[in-house]
Structures are given as C-alpha cells and as structure tokens.
*Asks:* 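A single structure is presented below for examination.
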Amino acid sequence: MTLETLPQQFIDAEKVFNLRDVGGWDAADGRKVRSGRVFRSDNLGMVTEADLDLLVNRLGVRHVIDLRRAEEWEVAGRFPEVDGVEFHHFELLHVKWENIGRGYPSGAGVVPFLRQRYSGMYEAGYQAVRDSLDVIASGEPVLFHCMAGKDRTGLVAAALLSVLGVDEADIARDYELSNVGIARWRTWRDANLGRPENESGLTTPAAAMLETIAEMGERFGSLAEYVRATGFDRVEALRSDLLE
C-alpha cells in the first residue's frame, strides 16, 4: 500500500505503521476536530532518524504518551529522549489478555470478546484515560500510542472524540482504520522478519467499538459521561482548543 492509496488520516513513516491524525472528523455544533494537533500510533520503539524528524520537526509533537506496561519496553523499545518532547508513561491498566484462559477468537466471537475487554479496560484504566486527556488539553501537539495502536490507543481516541462531540459511527470508523495500519506492519514484518507460523488475531471491526460505546452508555449514560466520571474536568478547554 503506497502513500497515495492510504486513507487521508494516515501519515507515512519508515517504521511507524499506524501513525495518523485524530483530526478531521465532524464534531459538535457543526464544527470539525482540528487537524495537526493530536496524533495516534503504534509502537515507537523502532523510530528512525527520519521518523523523529517527521514527528518532532514536521508534525511538531511536544508530548508523547505511552499507554503500555513498562515491561513491554524491554521487548519493543520506547520513544527515545528528545529535547523539547515530554515523555509521559500512563499505563492503561487491564488484566493481561494472555492470562484470561481464552484464545483470541475468530469469526463472530471477535466482537463480543473485544467489547468485554474494552469495557473492562475503561474501568480499570480510567486514570490513564483521564491523564492522557489532561495532557491533550495542554494545547500542545500530542501523540499517544500503545503497541499495535488499536486497543489502548483506540480507547483513548474514542474517549477524546466522544468529548468533542464526534458521532459514534465516526468514532468507530476511526477505530477501524487500525486494520490498515496493522496490514502495513504485517507487510514490513513479513519482508524483514519473516511471517510467523501462526498469525495472531489482530483486527478492529467497527462493531466492537460501537458495542463498547453502547455498554459504556448503559453504565455511565454515555462515553462522554464516563470521561467526566474519571475526574477529567477540562472538557470546555479541550473543545475550545480542538474544535474549529
């Protein structure tokens, strides 16, 4: 997949495969989410000098939020120390998926599996959601990420977009775009590391996010109300800065 055929949200990088702008979506009161301010991605442990130039100098990123467990850095690395960029580690707490005694399902089982995992992650990891939104509300360009850039990153993105008044269907579309980033990573992996004998189940069906939003609505009234319940109290500042 070439840069010309990527969805418009994607930003091409050498070794960041799911890097994209969170802006551009229609939001509350006929406004749009401002582009060029908030970015999401997969792991940044393999960034090249060209990638750093892209992130820091061309995109102007001033804050990087890592939502992973610190032990994941030992396997995949982390964003390097860079002058002018503040690194934040907000682990989005959750029970490790590999410890729950169930394999990653296929077919119709994927959506309920992800919805169950995601709603639990929102509950256990509420502090990381709140703290990430606090940094985003600082008004400086921010990039947040996890490993594949789909689950933990997807939950923070969904929380942010819900507060900005983005329609649920568009929040789910933003989430689903990670399928493209995962395909790009697999292409690089197969060419450089070899294809594994057993392919892991990495997928982001829009229905999983829609069902998660619905479940959080049952628990809290809406996903935006969940955000308020985390203790995040800068909604108006966030909207003022990120809506145009």
Side-chain angles (χ1 to χ4, degrees), residues 1-27 32-48 50-68 76 79 85 88 90 92 114 118 129 132-133 135-136 140-164 166-189 202-206 208-210 212-213 238 241-244:
M1 182 174 292
T2 66
L3 180 60
E4 289 73 20
T5 61
L6 283 174
Q8 63 179 0
Q9 291 88 350
F10 276 82
I11 302 165
D12 199 32
E14 291 183 345
K15 289 190 177 179
V16 190
F17 306 100
N18 200 7
L19 172 62
R20 56 192 203 261
D21 197 317
V22 180
W25 299 101
D26 291 333
K32 281 187 175 291
V33 180
R34 193 183 306 275
S35 297
R37 298 297 296 276
V38 184
F39 306 93
R40 54 176 293 174
S41 80
D42 49 329
N43 172 45
L44 299 176
M46 297 193 300
V47 289
T48 65
D51 291 335
L52 287 175
D53 180 65
L54 167 66
L55 295 173
V56 179
N57 298 321
R58 292 164 56 192
L59 299 181
V61 169
R62 292 295 172 262
H63 298 270
V64 169
I65 299 170
D66 192 328
L67 300 167
R68 300 173 300 162
F79 188 76
V85 179
H88 307 266
F90 301 145
L92 205 157
L114 290 175
Y118 290 166
V129 175
S132 296
L133 294 181
V135 172
I136 294 170
E140 296 184 309
V142 178
L143 184 153
F144 58 92
H145 77 95
C146 55
M147 187 64 82
K150 73 181 189 75
D151 300 315
R152 291 164 285 191
T153 298
L155 294 181
V156 172
L160 169 64
L161 293 175
S162 72
V163 168
L164 297 177
V166 174
D167 181 83
E168 293 177 4
D170 282 340
I171 294 175
R173 290 186 187 99
D174 178 75
Y175 164 79
E176 192 172 39
L177 284 172
S178 279
N179 283 325
V180 176
I182 291 166
R184 297 182 75 217
W185 171 75
R186 281 178 167 153
T187 298
W188 178 88
R189 178 205 61 191
L202 294 174
T203 184
T204 53
M209 181 55 69
L210 289 171
T212 299
I213 293 171
L238 200 63
D241 185 53
L242 292 180
L243 294 181
E244 59 182 10

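Keep in mind that what you see is a predicted model, and the values were worked out from it rather than measured.
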*Asks:* So which atom in Phe17 and which in Phe10 form the shortest heavy-atom distance, rounded to 0.1 Å?
*Replies:* O-CE2, 3.9 Å
*Asks:* Find out whether Val180 and Pro7 are in side-chain contact, i.e. whether some heavy atom of one side chain is under 4.5 Å from a heavy atom of the other.
*Replies:* yes
*Asks:* Once rounded to the nearest 0.5 Å, what's the spacing between atom CE of Met209 and atom OG1 of Thr204?
*Replies:* 9.0 Å
*Asks:* Within 45° of the six-membered ring axis of Phe144 and under 6.0 Å from that ring's centre, is NZ or CZ of Arg40 located there?
*Replies:* no
*Asks:* Tell me every residue that passes ring-ring contact (aromatic ring centres under 6.0 Å, His included) with Tyr175, counting only those two or more places apart in sequence or in another chain.
*Replies:* Tyr118
*Asks:* Please identify each residue that fulfils salt bridge (Lys or Arg N to Asp or Glu O under 4.0 Å) with Glu244, with sequence neighbours left out.
*Replies:* Arg34
*Asks:* State whether the side chain of Ser178 and the backbone N or O of Gly149 hold a donor-acceptor pair below 3.5 Å, judged by distance alone.
*Replies:* yes
*Asks:* Does any donor atom in the side chain of Glu14 or Thr48 lie under 3.5 Å from an acceptor atom in the other side chain?
*Replies:* yes
*Asks:* In a check of side chain to side chain contact (heavy atoms under 4.5 Å, CB included) between Ser132 and each of Val142, Leu155, Val156, which one passes?
*Replies:* Val156
*Asks:* Take Asp66 and His145 through the test side-chain contact (heavy atoms from CB on, under 4.5 Å) and record every step on the way to the result.
*Replies:* CA-CA 5 Å; Asp66 192 328; His145 77 95; 3.5 Å; yes
*Asks:* Quick one: CG on Leu164 to CD1 on Ile136, what's the gap to the nearest 0.5 Å?
*Replies:* 9.0 Å
*Asks:* Asp51 side chain to Lys15 main-chain N or O, any donor-acceptor pair under 3.5 Å?
*Replies:* yes
*Asks:* Tell me every residue that passes ring-ring contact (aromatic ring centres under 6.0 Å, His included) with Phe79, counting only those two or more places apart in sequence or in another chain.
*Replies:* none
*Asks:* Find out whether Cys146 and Leu92 are in side-chain contact, i.e. whether some heavy atom of one side chain is under 4.5 Å from a heavy atom of the other.
*Replies:* no
*Asks:* Between Thr153 and Lys150, is there a donor-acceptor pair closer than 3.5 Å when you use the side chain of the first and the backbone of the second?
*Replies:* no
*Asks:* Would you indicate whether the side-chain heavy atoms of Asp26 and Val166 approach each other to under 4.5 Å?
*Replies:* no
*Asks:* CG of Leu55 to CG of Leu44: how many Å apart, nearest 0.5 Å?
*Replies:* 6.5 Å
*Asks:* In terms of side-chain heavy atoms, does Arg68 have a donor or acceptor partner in Asn43 at a distance below 3.5 Å?
*Replies:* yes
*Asks:* Evaluate the side-chain proximity of Leu242 to Leu160: yes if any heavy-atom separation is below 4.5 Å, no if none is.
*Replies:* yes
*Asks:* Using side-chain contact (heavy atoms from CB on, under 4.5 Å), reason through Asp241 and Arg37 one step at a time and then give a plain yes or no.
*Replies:* CA-CA 9 Å; Asp241 185 53; Arg37 298 297 296 276; 3.0 Å; yes
*Asks:* Rounded to the nearest 0.5 Å, what separation is found between the OG1 atom of Thr203 and the CG atom of Leu114?
*Replies:* 7.5 Å
*Asks:* Please confirm whether the backbone N or O of Gln9 pairs with a side-chain atom of Asp21, one donor and one acceptor, at under 3.5 Å?
*Replies:* no
*Asks:* Search all heavy atoms of Ser35 against all heavy atoms of Gly23 and return the closest pair with its distance.
*Replies:* OG-C, 3.7 Å
*Asks:* Shortest non-hydrogen contact from Glu176 to Ala206?
*Replies:* OE2-N, 3.5 Å
*Asks:* Distance check, rounded to the nearest 0.5 Å: Arg173 atom CZ versus Trp25 atom CH2?
*Replies:* 7.0 Å
*Asks:* Which value, rounded to the nearest 0.5 Å, describes the distance between Leu143 atom CG and Arg20 atom CZ?
*Replies:* 11.5 Å
*Asks:* Does NZ or CZ of Arg189 come closer than 6.0 Å to the centre of the six-membered ring of Trp185, within 45° of the ring's axis?
*Replies:* yes
*Asks:* What's the verdict on salt bridge (Lys or Arg N to Asp or Glu O under 4.0 Å) for Arg184 and Asp42, showing C-alpha distance, side-chain angles and the deciding distance?
*Replies:* CA-CA 11 Å; Arg184 297 182 75 217; Asp42 49 329; over 6 Å; no
*Asks:* Verify side-chain contact (heavy atoms from CB on, under 4.5 Å) between Val129 and Phe90, making sure each step is shown before the conclusion.
*Replies:* CA-CA 8 Å; Val129 175; Phe90 301 145; over 6 Å; no
*Asks:* Keeping the roles fixed (side chain from Ser41, backbone from Leu19), state whether a donor-acceptor pair exists under 3.5 Å.
*Replies:* no
